[in-house]
Structure formats: C-alpha cells, structure tokens
Student: 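Quick one: the structure is below, questions incoming.
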Amino acid sequence: MKIEDVLVAAQPLIERTIEEDLGPGDATSEAVLPADLMLRGCVLAKAPGVVAGLPVLEAVFARVDPALQFRALVQDGDRVVPGTVVAEVEGPARSMLAAERIALNFLQHLSGVATLTRAFVDRVQAIGAGAAILDTRKTLPGYRALEKYAVRMGGGQNHRMGLYDMVLIKDNHVDAAASITAAVERCRATGLPIEVEVRDLAELREALTLGVDQIMLDNMSLDEMREAVRLADGQVPLEASGGVDLDTVADIAATGVDYISVGALTHSAPALDLSMKIGEQEIQQVVSQAREADAALASRAASRAASRAASRAAARVTALKAELGDRVVVLGHHYQRDAVIAFADFRGDSLKLAREATRQQEAKYIVFCGVHFMAETAAMLAQPDQVVLLPDLEAGCPLAEMARLEDVEAAWAALGQVMDVGNVENVENEVMPITYVNSSAALKAFCGRHGGSVCTSSNAADVLAWALARRPRVLFFPDQHLGRNTAKGMGIPLTEMCLWNPSRDFGGHDVETLRDARVFLWRGWCNVHQRFRPEHVLAWREREPDINVIVHPECSMEVVDLADEAGSTAYIIRRVEEAEPGTKWAIGTEFNLVNRLKAELPEQFIASLAPEPSYCRTMNLITVEKLARVLEGLTRGELVNQVMVPDDVARDARIALERMLEVGS
C-alpha cells in the first residue's frame with residue numbers, strides 16, 4: 001500500500017472529524033483573534049517514540065485551510081526524543097488553531113502504534129532473532145489502512161488487510177469442515193495465499209503435508225514452538241500467535257519462528273505525547289534556526305545528492321566540519337538518509353568504504369555513517385593513531401547478528417567430524433571459511449585464523465572462486481542468499497549446496513549430504529532484501545513490459561532469477577546512472593538509495609520493486625543530530641562512541657580483510 005492509498009483511506013476520516021470538532025466554526029478563535037493574524041506553530045515531541053502519520057497531518061491542515069503551509073522536519077519512521085521539533089505550520093491563526101487538535105489526534109495515535117511496534121521489533125532484534133513482527137485485523141473501525149501504515153513505520157510488517165486478500169483457516173473453519181485437509185482443499189479454488197491455524201503438533205504435522213503458504217501456531221508453549229520449528233525445518237513459514245507481549249516476545253522469537261503476530265500493536269497502543277506550540281518567542285527561534293539549517297544543508301548538498309532534511313543540526317555539522325578541517329573525514333554508506341549522506345566526504349558500498357578507510361592516512365578521526373560492522377572494519381584497517389567513531393552505537397545489522405562466533409566454531413568442529421580428515425584441526429584442508437563483510441569482527445578474525453577471507457557483494461564471485469581454487473569446499477556466512485546466488489552464477493548446481501541451520505546438529509543434514517556438498521550456506525538473511533518477492537517482479541512486468549528489474553544479490557534466488565540483473569549497490573548505481581534517458585527501472589534494494597536515484601535522475605523512470613518502502617531500520621538510526629554530537633565531542637577533546645576492536649581480534653581479522661582487498665572488486 002502506497003502513501004497515496006493511505007491518504008485516500010484517511011480522507012473520509014478527516015471529513016468526519018472536521019465535521020464533529022469544527023462544525024460551523026471555532027467560536028472562541030473567531031471571537032478573540034483578528035482575521036488577518038498570521039502565526040507560526042511547531043509540533044513538538046514530549047516523549048520518546050517513533051513518528052508516523054505526517055502526510056495525514058499535512059492533509060488535515062490543507063483541508064481546513066489551503067493557506068496553511070506545512071513542513072515536516074523529520075520523516076515517518078524516525079525516532080524522536082522530548083524536545084524534537086517534528087513539523088512546523090505557518091498561516092492564518094484562526095485556521096491553525098481550528099485544525100490543531102484534529103491534526104494532533106491523528107498524529108498522536110499513529111505515532112503511538114509505530115512506537116509500540118518499534119518496541120516489539122527492538123526486543124526481537126536485541127537477541128539477534130530474525131522473526132518479523134506482524135499486525136492483525138484488530139484495528140479501530142475505519143482506521144485499518146492508517147494503522148497498518150503506522151505498523152510499517154515502526155519496523156513491523158502487515159498481515160492480511162482483510163478477509164478478502166488471504167485465506168486464514170481457523171479452528172471454527174476446521175471444525176466445520178471436519179479436518180484441516182478438507183478445509184484447505186475447499187479453499188484452493190480461491191487462488192489466494194492460504195494460512196492454517198494449528199492448535200497442537202498433530203495438527204501441525206497434518207498442515208505440513210498440504211503445501212500451504214503459512215502456518216499459525218495458536219497459543220503454543222515455547223517448547224511446542226521449538227518442536228514446531230524443528231518439524232517444519234524451513235518448509236513453511238511459521239507464525240506465533242497468542243500470549244505475546246513485550247515481556248514474552250524475545251523468548252518467542254528465540255524459538256526460531258518466522259513471524260510473531262501482535263494484536264496489541266493496534267488495539268492497545270497508547271498515544272505518543274505530542275503538542276503544538278504557537279507564537280512563543282523560543283519556538284520562533286527554533287523555526288528560524290531550522291530555516292538557517294535548511295540553507296546550510298542546501299549549500300553543502302548542491303551536488304546531485306540534494307538533501308531534503310532540514311534541521312538545526314545541519315548548520316551545526318557544517319560549522320563543526322569547517323572547524324575540525326582535515327582532522328576528520330566522514331564516510332557514508334549509500335543506504336544512509338539524504339540528510340546524513342549530504343555530509344559524507346566519501347560515500348559508497350561496503351567494499352568502497354573499506355578501501356577508503358585504508359586511504360585516510362592524514363585524518364586523525366574517521367566518523368563512519370553506517371552500521372557497526374562497517375565501523376569495526378574501518379577501525380581494523382585504519383592507522384594505529386586513527387580513531388573511528390560511530391554516531392549511534394545501536395546501529396547494528398540484524399544480518400550480521402545471525403551468525404555468532406560460538407555457532408560458527410561449532411559448525412567448523414562438526415564439519416571436521418564428518419569430512420574424514422583425521423581430526424578436527426585438519427578441516428582446514430577441506431573447507432574454506434568465507435564471511436560476508438556484514439559480520440562481526442570476531443567472525444572476520446575466525447576467517448583470518450583459518451586461511452579464509454572476507455567478501456562483499458561486489459567481489460563475492462571473485463572471492464568464492466579464490467576459495468574453491470584452494471580448498472574443495474566453502475563455509476559461507478552469514479547471508480545464505482548472497483552465497484547461493486553467487487555460487488549458482490558460477491555454475492555450481494543447487495544439489496552441491498546445503499543450508500546450514502546452526503540450531504540443529506550437523507546443520508540439519510546427514511553425513512553423506514555434507515560430504516557431497518561444495519558450499520555450506522549459513523541460515524541468515526537481510527531483512528531489507530527479504531521483503532522483495534517474485535510476485536513484485538511479475539507485477540512490474542505486467543504493468544510496464546519494458547521495465548528493467550535490477551536487484552541486490554541479498555534477495556532470494558527466486559527474485560534474482562526473475563530479475564534482468566543482480567549486483568552490488570555500486571553496480572546498481574552505475575547501471576542506472578549509465579542508462580539512456582527514458583529507461584525504466586524497478587530496483588530491489590534499500591529505499592533511501594532508490595529514492596535518491598529517482599531524485600538525481602529525473603530523466604529516467606525509477607521505482608522500488610516492492611510496493612512498500614523497504615528501509616534499513618538500523619541505517620536510519622544515524623541522524624544529523626547524532627553526527628553533530630560526535631563532532632562536537634571532538635572539538636572538546638572527547639571521543640563520543642569510539643569503535644574499538646581488541647588487538648588480537650583485529651590482527652586476525654585484518655588478515656582476512658587484506659585477502660579480500662587483494663582478490664579484487
């Protein structure tokens with residue numbers, strides 16, 4: 001669902017709320033305020049949370065009076081803290097006060113939904129689990145599209161929109177049909193995706209034989225869920241439902257289920273405390289500073305990466321960078337928001353920035369606007385007297401957290417047992433460890449100690465070829481899709497690859513299967529690229545027959561096979577930039593980058609492959625305000641959020657990184 005669809009759904013609600021609140025007019029304001037009085041107002045956060053509903057807020061002000069000028073200072077999905085200026089409004093005072101409460105009611109409710117969703121998502125990601133948080137149909141009447149949009153802005157995913165777009169066979173249906181099998185067979189004619197609710201493991205076993213699209217585990221215990229995950233063995237996505245709250249969601253995610261549905265996201269979310277301040281002198285100063293920040297940001301971003309963000313911090317960053325001069329260099333990953341990338345001295349994908357970190361020998365401070373594993377890599381490749389800083393230490397990578405050192409070491413030992421190499425130590429004669437750069441320093445060090453290498457999406461094929469030229473097998477972690485797509489592109493058949501599940505003995509395989517395999521793929525994935533599905537490609541082909549579909553190799557094999565091209569972030573950018581005017585692109589990668597390409601190349605048709613924005617939540621934790629805080633610390637001689645790697649880990653990891661850089665791009 002696009003934001004345009006959300007606004008269409010909001011329109012009758014806006015009309016009704018204006019009718020019930022404003023009626024024939026605001027009696028108080030019309031009696032007290034001169035008709036020609038103009039005011040400025042600021043919407044302020046009074047509590048920490050996640051913002052959602054800014055387009056609806058704008059629509060309310062525009063409906064009450066088109067003369068009201070609205071400007072958002074943050075984006076939907078952004079975290080805010082008390083005192084954050086969320087938006088500003090300027091125009092006729094009577095209209096502004098008439099619209100204020102209606103607008104805030106929408107924004108506070110939707111932001112409350114997004115904030116509660118983010119709390120659930122954070123609990124799951126804190127333990128490194130891959131489960132997605134789903135909403136339900138337990139929404140306020142008339143608010144479904146709006147609340148489900150807010151769930152997405154909080155990092156959750158949408159379940160079915162209604163009873164019409166997905167089959168969900170529940171206990172009443174099963175009882176009426178006499179069995180799950182009978183109910184499923186009756187529903188196949190709908191042509192819709194089919195999900196089955198099961199109440200126990202016996203029903204699960206029956207459902208697993210039916211080829212359904214998803215199975216819901218209804219009110220099962222943790223032990224039952226763990227057994228259900230074992231029985232399903234990845235055949236069908238499993239959804240946990242019932243008994244989910246902030247205290248239990250992490251334990252549920254740890255069982256290995258794929259989805260967790262939470263009705264409370266929409267039926268029990270408290271409103272986020274937001275208010276509107278109008279006409280106060282200090283608020284006028286905030287607005288003035290925000291406008292000055294706009295000018296500074298536009299001056300710095302006069303290149304093709306034009307920034308749309310506007311805040312006081314932009315002016316502070318500009319001044320701080322000028323003060324620090326050559327002592328600081330800012331590196332920015334392509335997935336960063338526009339407001340942050342505008343301040344990057346160098347921007348690129350993981351491989352380019354890893355190389356750039358080795359070249360910054362004059363700068364004493366390297367500020368890395370990316371996620372934690374990237375800053376770790378820069379710290380290990382930097383000079384001994386250089387310091388690497390990360391604007392937000394919470395900016396991790398869920399994919400990187402899917403492979404832990406202890407699990408990889410256990411897999412290594414298990415492979416040594418089955419490879420008939422005499423002893424575990426001799427596994428190095430048989431298996432080459434390769435870690436995607438999206439991994440911890442500890443895993444890079446593991447590869448360095450065992451003769452392996454790091455790779456990026458740019459050079460994965462070169463590194464894999466290098467590895468197989470030296471040893472007959474490869475253990476590739478943590479991204480199964482990059483490993484599978486790369487190996488397949490090199491001509492390695494799927495029968496010679498096996499998916500290693502770290503939660504099961506010997507990865508879930510027998511000895512013969514392991515001995516026949518050439519590539520062991522770790523059971524990990526990128527949440528951003530996992531959202532692109534084959535039906536998205538087919539929908540674009542039907543809508544725009546001459547569309548070029550280009551995707552990142554972290555997408556699933558089914559999506560990559562349907563696409564015209566697959567390649568790294570740098571490859572995608574290069575292909576689109578070099579294309580002829582009028583070329584049409586559907587791009588399967590992070591939405592900030594897709595949106596930036598669309599703005600920079602208006603002569604081409606550029607759209608996201610998926611209908612919903614696929615943002616990297618952790619990349620978006622980096623903000624201009626946090627960048628300013630790090631730079632301000634440097635001017636005071638303080639190191640804010642320094643990223644350090646233990647010497648022994650850095651030594652071994654550097655070996656693997658240097659091998660990667662030697663192999664080529």
Side-chain angles (χ1 to χ4, degrees), residues 47-50 52 79 111-140 147-148 150-160 168 170-171 195-204 207 214-234 236-272 394 396 398-399 401-402 404 407 501-504 523-525 527 530 617-618:
V50 177
R79 292 181 190 263
S111 297
V113 171
T115 299
L116 183 58
T117 302
R118 183 64 58 83
F120 276 92
V121 171
D122 286 347
R123 294 288 176 94
V124 171
Q125 293 185 343
I127 66 167
I133 297 297
L134 297 180
D135 54 23
T136 69
R137 290 169 41 244
K138 297 175 182 178
T139 55
L140 288 176
E147 291 181 343
K148 282 182 172 283
V151 166
R152 295 197 304 275
M153 294 304 99
Q157 296 182 23
N158 296 149
H159 205 272
R160 57 179 178 167
L168 176 50
K170 300 177 74 71
D171 53 357
E195 180 175 7
V196 175
E197 176 187 87
V198 298
R199 294 164 287 190
D200 53 42
L201 296 176
E203 289 187 344
L204 172 67
Q214 194 160 309
I215 296 175
M216 178 188 293
L217 310 178
D218 182 39
N219 283 299
M220 287 193 180
S221 68
L222 294 176
D223 287 340
E224 287 175 316
M225 282 189 251
R226 280 189 281 269
E227 179 62 13
V229 170
R230 188 191 70 80
L231 290 172
D233 194 25
V236 182
L238 298 181
E239 172 189 343
S241 178
V244 184
D245 56 35
L246 287 172
D247 293 328
T248 63
V249 68
D251 290 337
I252 294 172
T255 66
V257 295
D258 301 284
Y259 300 103
I260 303 173
S261 53
V262 187
L265 300 182
T266 51
H267 71 60
S268 298
L272 182 64
E394 294 299 315
L399 168 60
E401 294 164 5
M402 289 184 183
R404 301 179 303 171
D407 291 334
N501 185 341
S503 65
R504 303 191 63 183
R523 188 174 181 265
W525 59 86
N527 289 329
Q530 187 88 340
R617 185 190 67 82
T618 50

Student: Taking only residues two or more places apart in sequence or in another chain, which ones pass side-chain hydrogen bond (donor to acceptor under 3.5 Å, both in side chains) with Asp247?
Tutor: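 Expected list: none.
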Student: Mind listing the closest non-hydrogen atom pair of Val236 and Asp258 along with its distance?
Tutor: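 Residues Val236 and Asp258, closest heavy atoms: O-OD2, 4.1 Å.
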Student: Between the main-chain N or O of Leu217 and the side-chain N or O of Ser241, is there a donor-acceptor pair closer than 3.5 Å?
Tutor: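 Absent.
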Student: Does some side-chain heavy atom of Ile260 sit less than 4.5 Å from a side-chain heavy atom of Leu134?
Tutor: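 No - every pair of side-chain heavy atoms lies 4.5 Å or more apart.
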Student: At what distance, to the nearest 0.5 angstrom, does CG of Leu204 lie from CG of Leu238?
Tutor: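 So the CG of Leu204 and the CG of Leu238 are separated by 6.5 Å.
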Student: Taking all non-hydrogen atoms of both residues into account, name the closest pair between Ala207 and Val198 and its distance.
Tutor: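 Smallest interatomic distance, heavy atoms only, reads CB-CG1, 4.0 Å.
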Student: With rounding to the nearest 0.5 angstrom, report the CZ to OG1 distance, Arg123 to Thr248.
Tutor: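 Separation between the atoms: 9.5 Å.
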Student: Measuring from atom CE of Met216 to atom OG of Ser261, what distance do you get when rounded to the nearest 0.5 angstrom?
Tutor: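 Atom-to-atom, Met216:CE and Ser261:OG are 5.0 Å apart.
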Student: Sequence neighbours left out, what passes side-chain contact (heavy atoms from CB on, under 4.5 Å) with Asp251? Give chain and number order.
Tutor: Leu222
Student: Ignoring hydrogens, what is the shortest heavy-atom contact between Val121 and Gly154? Give both atom names and the distance.
Tutor: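 Distance-wise, the nearest heavy atoms are CG2-O, 3.9 Å.
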Student: Could you work out, with salt bridge (Lys or Arg N to Asp or Glu O under 4.0 Å) as the rule, every residue matching Arg404, not counting sequence neighbours?
Tutor: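 For Arg404 the salt bridge (Lys or Arg N to Asp or Glu O under 4.0 Å) partners, ignoring immediate neighbours, are Glu406, Asp407.
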Student: What is the minimum heavy-atom distance between Asn501 and Ser503, and which atoms define it?
Tutor: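 Minimum heavy-atom contact is OD1-OG, 2.7 Å.
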Student: List for me each residue that meets side-chain contact (heavy atoms from CB on, under 4.5 Å) alongside Ala132, sequence neighbours excluded, and say none if there are none.
Tutor: Gln157, Tyr259
Student: Which pair of non-hydrogen atoms, one from Ala131 and one from Ala253, has the smallest distance, and what is that distance?
Tutor: CB-CB, 4.2 Å
Student: Quick one: closest heavy-atom pair of Ala269 and Gly112, and the distance?
Tutor: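 Scanning both residues, the minimum pair turns out to be CB-O, 3.7 Å.
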Student: Who passes side-chain hydrogen bond (donor to acceptor under 3.5 Å, both in side chains) against Glu401, sequence neighbours left out?
Tutor: none
Student: Check whether any side-chain heavy atom of Arg230 lies under 4.5 Å from a side-chain heavy atom of Arg504, and answer yes or no.
Tutor: yes
Student: Distance from Glu203 atom CD to Asp218 atom CG, nearest 0.5 Å?
Tutor: 9.0 Å
Student: How would you list, by chain and number, every residue that makes a side-chain contact (heavy atoms from CB on, under 4.5 Å) with Pro398, sequence neighbours excluded?
Tutor: Gln125, Asn527, Thr618
Student: Test of understanding: with salt bridge (Lys or Arg N to Asp or Glu O under 4.0 Å), list the residues that count as partners of Asp122, not counting sequence neighbours.
Tutor: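 With neighbours one apart ignored, the set is Arg79, Arg617.
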Student: For the side chain of Thr136 and the backbone of Val262, is there at least one donor-acceptor N/O pair under 3.5 Å apart?
Tutor: no
Student: Step by step, would you call Arg160 with Glu195 a side chain to side chain contact (heavy atoms under 4.5 Å, CB included)?
Tutor: CA-CA 10 Å; Arg160 57 179 178 167; Glu195 180 175 7; over 6 Å; no
Student: Quick check: do Val244 and Phe120 have side-chain heavy atoms less than 4.5 Å from each other?
Tutor: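 Side chain of Val244 against side chain of Phe120, heavy atoms only: contact under 4.5 Å found.
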Student: Return the set of residues passing side-chain hydrogen bond (donor to acceptor under 3.5 Å, both in side chains) with Glu394 (not counting sequence neighbours), or none when no residue passes.
Tutor: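 In terms of side-chain hydrogen bond (donor to acceptor under 3.5 Å, both in side chains), with neighbours along the sequence ignored, Glu394 is linked to no residue.
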Student: Between Val257 and Val229, is any pair of side-chain heavy atoms under 4.5 Å apart?
Tutor: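 Yes, close enough: below the 4.5 Å cut-off.
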Student: Which residues pass the salt bridge (Lys or Arg N to Asp or Glu O under 4.0 Å) test with Glu197, not counting sequence neighbours?
Tutor: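 With sequence neighbours excluded, Glu197 shows a salt bridge (Lys or Arg N to Asp or Glu O under 4.0 Å) to Lys170, given in chain and number order.
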Student: For Ala119, check side-chain contact (heavy atoms from CB on, under 4.5 Å) against everything at least two apart and list the hits.
Tutor: Leu246
Student: Measure the CD-CD distance between Gln214 and Glu239 for me, rounded to the nearest 0.5 Å.
Tutor: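 Between Gln214 CD and Glu239 CD, I get 5.0 Å after rounding to 0.5 Å.
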Student: With rounding to the nearest 0.5 Å, note down the distance linking OG1 in Thr117 to CD in Glu147.
Tutor: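 Answer rounded to 0.5 Å: 10.0 Å.
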Student: Can you name the side-chain hydrogen bond (donor to acceptor under 3.5 Å, both in side chains) partners of Lys138, sequence neighbours left out?
Tutor: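 Not a single residue meets the side-chain hydrogen bond (donor to acceptor under 3.5 Å, both in side chains) criterion with Lys138.
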Student: What residue pairs, at least two apart or across chains, pass salt bridge (Lys or Arg N to Asp or Glu O under 4.0 Å) with a residue in residues 124-137?
Tutor: Asp135-Lys148
